[in-house]
Protein chains: 2
Amino acid sequence: MSNYRNNNTQQYAGMFKALSNPNRLQIFLQLTQCCTPGTVCNNKDIEVRYVGDLGADLNVAASTLSHHIKELNRAGLIQIRRSGQNVECWIEPEVLQKLSAFFQAGQEQ
Amino acid sequence: MSNYRNNNTQQYAGMFKALSNPNRLQIFLQLTQCCTPGTVCNNKDIEVRYVGDLGADLNVAASTLSHHIKELNRAGLIQIRRSGQNVECWIEPEVLQKLSAFFQAGQEQ
DNA sequence: TCTGTAATTCGACATATATCGAAGTATAGA
DNA sequence: TCTATACTTCGATATATGTCGAATTACAGA
């Protein structure tokens, strides 16, 4: 047993732990939605959202939201960057590719 | 926001929670390995293992192993069936497809 | 029926986590 | 410099989780 997945068990377990909380999963899913309803999608754009917006329909305290953002970032799932008063969040496409491939690896043989 | 992923947030969060424990993730990964080292793979076979074997290199008590198997099953990630003294475990291929697609959905647009 | 192996259930316990509110920091704008 | 907004940090707390060992159940074989 020694393929790339088994060598990174801790890392993946950390990602899944971050996604195991329904509120965090919602935040993550919002960041995977590439365009706001009614607009045209553009392949090349990476969707960026502000922390505050991500928590808008989540019904948690600001401090809790901040905590969740930090956890997602720590797990390597999202990137964050301050922009004035706001903090921008986004997902690097490689993260989604990596996770998708993780579950495909078992199917291909 | 209303695609198939967002409508099943709880279900997916449950799966990720099950995979968030390193020992459970190891068990899951073992079940995705379709053939034992040195043998020839066969597409058509679903890999089945006994509970005891899955815990062989895990260093947890039998009761803990049993608990983890139950959690994985409860999350819908693995199937179990008693076979004599042993209990067989396996992953339905659709589960892997579903999880892989979950992370692909954000990339395709 | 007895024995041994495989697995589960149960109760206990230490640790981790989700959440909150209060207080603090960072930034923009008047 | 003052104020408002966005976000973070901190401490507290209730709840969930991972783990164990002991006891129990399921089954196979002598």
Side-chain angles (χ1 to χ4, degrees), chain A residues 6 9-31 36 47-91, chain B residues 6 9-31 36 47-91:
Chain A
N6 291 295
T9 302
Q10 293 297 329
Q11 192 193 345
Y12 281 102
M15 292 196 203
F16 297 137
K17 171 168 287 187
L19 296 176
S20 74
N21 177 275
N23 286 327
R24 279 199 298 264
L25 184 54
Q26 273 300 331
I27 294 169
F28 183 81
L29 286 179
Q30 280 186 61
L31 286 171
T36 41
E47 184 71 2
V48 174
R49 304 269 172 88
Y50 296 143
V51 167
D53 297 338
L54 288 168
D57 44 344
L58 230 49
N59 203 32
V60 294
S63 54
T64 303
L65 178 60
S66 184
H67 165 71
H68 285 325
I69 296 288
K70 199 158 68 169
E71 288 296 306
L72 287 166
N73 177 249
R74 174 148 45 202
L77 290 167
I78 72 171
Q79 304 298 311
I80 57 181
R81 174 178 54 200
R82 183 167 274 275
S83 165
Q85 273 176 298
N86 305 292
V87 169
E88 298 173 339
C89 306
W90 73 96
I91 300 177
Chain B
N6 291 295
T9 301
Q10 293 297 329
Q11 192 193 345
Y12 281 101
M15 291 196 205
F16 297 138
K17 170 168 287 186
L19 296 177
S20 74
N21 176 274
N23 286 328
R24 279 197 298 263
L25 184 53
Q26 272 301 331
I27 294 169
F28 184 80
L29 286 179
Q30 282 187 58
L31 287 171
T36 42
E47 184 70 1
V48 174
R49 303 270 172 86
Y50 297 142
V51 167
D53 297 338
L54 288 168
D57 44 344
L58 230 49
N59 204 32
V60 294
S63 55
T64 303
L65 178 60
S66 183
H67 166 70
H68 285 325
I69 295 289
K70 198 158 70 172
E71 288 296 306
L72 287 166
N73 177 247
R74 173 147 46 200
L77 289 168
I78 72 172
Q79 305 299 311
I80 56 180
R81 175 179 52 200
R82 184 168 271 275
S83 165
Q85 271 176 300
N86 304 292
V87 169
E88 297 174 338
C89 306
W90 73 97
I91 301 177

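In the text below, chain A, chain B and the rest are named by the order of the sequence lines, each starting its count at 1. Note that these values count all heavy atoms, side chains included, but never hydrogens, waters or copies made by symmetry.
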Peer 1: Say you draw a straight line from CD1 of A:I27 to CG of A:L65; how long is it, rounded to the nearest 0.5 Å?
Peer 2: 5.0 Å
Peer 1: Rounded to the nearest 0.5 Å, what's the gap from CG on B:L31 to CG on B:L54? Could you check?
Peer 2: 5.0 Å
Peer 1: Tabulate below the donor-acceptor pairs under 3.5 Å that side-chain atoms of residues 71-80 of chain A make, not counting sequence neighbours, or state none.
Peer 2:
| residue | atom | partner | partner atom | Å |
| --- | --- | --- | --- | --- |
| A:E71 | OE2 | A:R74 | NH2 | 2.7 |
| A:N73 | ND2 | A:I78 | O | 2.9 |

Peer 1: Measure CG/A:L58 against C1'/C:dC20 and give the value in whole Å, please.
Peer 2: 15 Å
Peer 1: Specify the angle, to 10°, made by the local axes at the two ends of the helix from C:dT1-D:dA30 to C:dA30-D:dT1 when five pairs are taken at each end.
Peer 2: 30°
Peer 1: Find out whether A:D53 and A:N86 are in side-chain contact, i.e. whether some heavy atom of one side chain is under 4.5 Å from a heavy atom of the other.
Peer 2: no
Peer 1: Measure the distance from CG on A:N59 to C1' on C:dC20 and round it to the nearest whole Å.
Peer 2: 12 Å
Peer 1: C:dT25 C1' sits how many Å from A:N86 CG, rounded?
Peer 2: 15 Å
Peer 1: Between B:R82 and D:dT25, is there a contact of a side-chain N or O with OP1 or OP2 at under 4.0 Å?
Peer 2: no
Peer 1: Please report the distance, rounded to the nearest Å, between CG in B:L72 and C1' in D:dT17.
Peer 2: 14 Å
Peer 1: Identify, between A:S83 and A:H68, the residue whose nearest nucleotide on DNA chain C lies closer to the 5' end.
Peer 2: A:H68
Peer 1: For A:V51 and A:C89, which heavy atoms make the closest approach, and how far apart are they?
Peer 2: CG2-SG, 3.6 Å
Peer 1: Would you please confirm or rule out a distance under 4.0 Å between OP1 or OP2 of C:dT19 and any side-chain N or O of A:N23?
Peer 2: yes
Peer 1: Under 4.5 Å between any side-chain heavy atoms of A:V87 and A:I69, yes or no?
Peer 2: no
Peer 1: Nearest whole Å is fine: how far is D:dA6 C1' from A:E88 CD?
Peer 2: 13 Å
Peer 1: Just grab all the salt bridge (charged side-chain N to carboxylate O under 4.0 Å, His left out) pairs involving residues 75-85 of chain B, residues at least two apart or on different chains.
Peer 2: B:R81-B:E88
Peer 1: What are the two closest heavy atoms between A:T9 and B:L25, and how far apart are they?
Peer 2: O-CD2, 3.5 Å
Peer 1: In whole Å, I'd like the distance from the CZ atom of A:R81 to the P atom of C:dT27.
Peer 2: 15 Å
Peer 1: All N/O contacts under 3.5 Å from nucleotides 9-14 of chain C to the protein, with atom names and distances to one decimal?
Peer 2:
| residue | atom | partner | partner atom | Å |
| --- | --- | --- | --- | --- |
| C:dT9 | OP2 | B:K70 | NZ | 3.1 |

Peer 1: Going by number, which of residues 13-22 of chain B have a non-hydrogen atom under 4.0 Å from DNA chain C?
Peer 2: none
Peer 1: Set out, line by line, the N/O atom pairs under 3.5 Å between protein and nucleotides 1-4 of chain C.
Peer 2:
| residue | atom | partner | partner atom | Å |
| --- | --- | --- | --- | --- |
| C:dG4 | N2 | B:Q85 | NE2 | 2.9 |

Peer 1: Excluding sequence neighbours, so at least two apart, what forms side-chain contact (heavy atoms from CB on, under 4.5 Å) with A:T64?
Peer 2: A:V60, A:A61, A:H68
Peer 1: Looking only at non-hydrogen atoms, find the nearest pair between A:R49 and A:Q30 and report the distance.
Peer 2: NH1-O, 3.1 Å
Peer 1: Figure out the OH/P separation between B:Y50 and C:dT5, and round it to whole Å.
Peer 2: 17 Å
Peer 1: In whole angstroms, how far is the C1' atom of C:dA7 from the CG atom of B:N73?
Peer 2: 14 Å
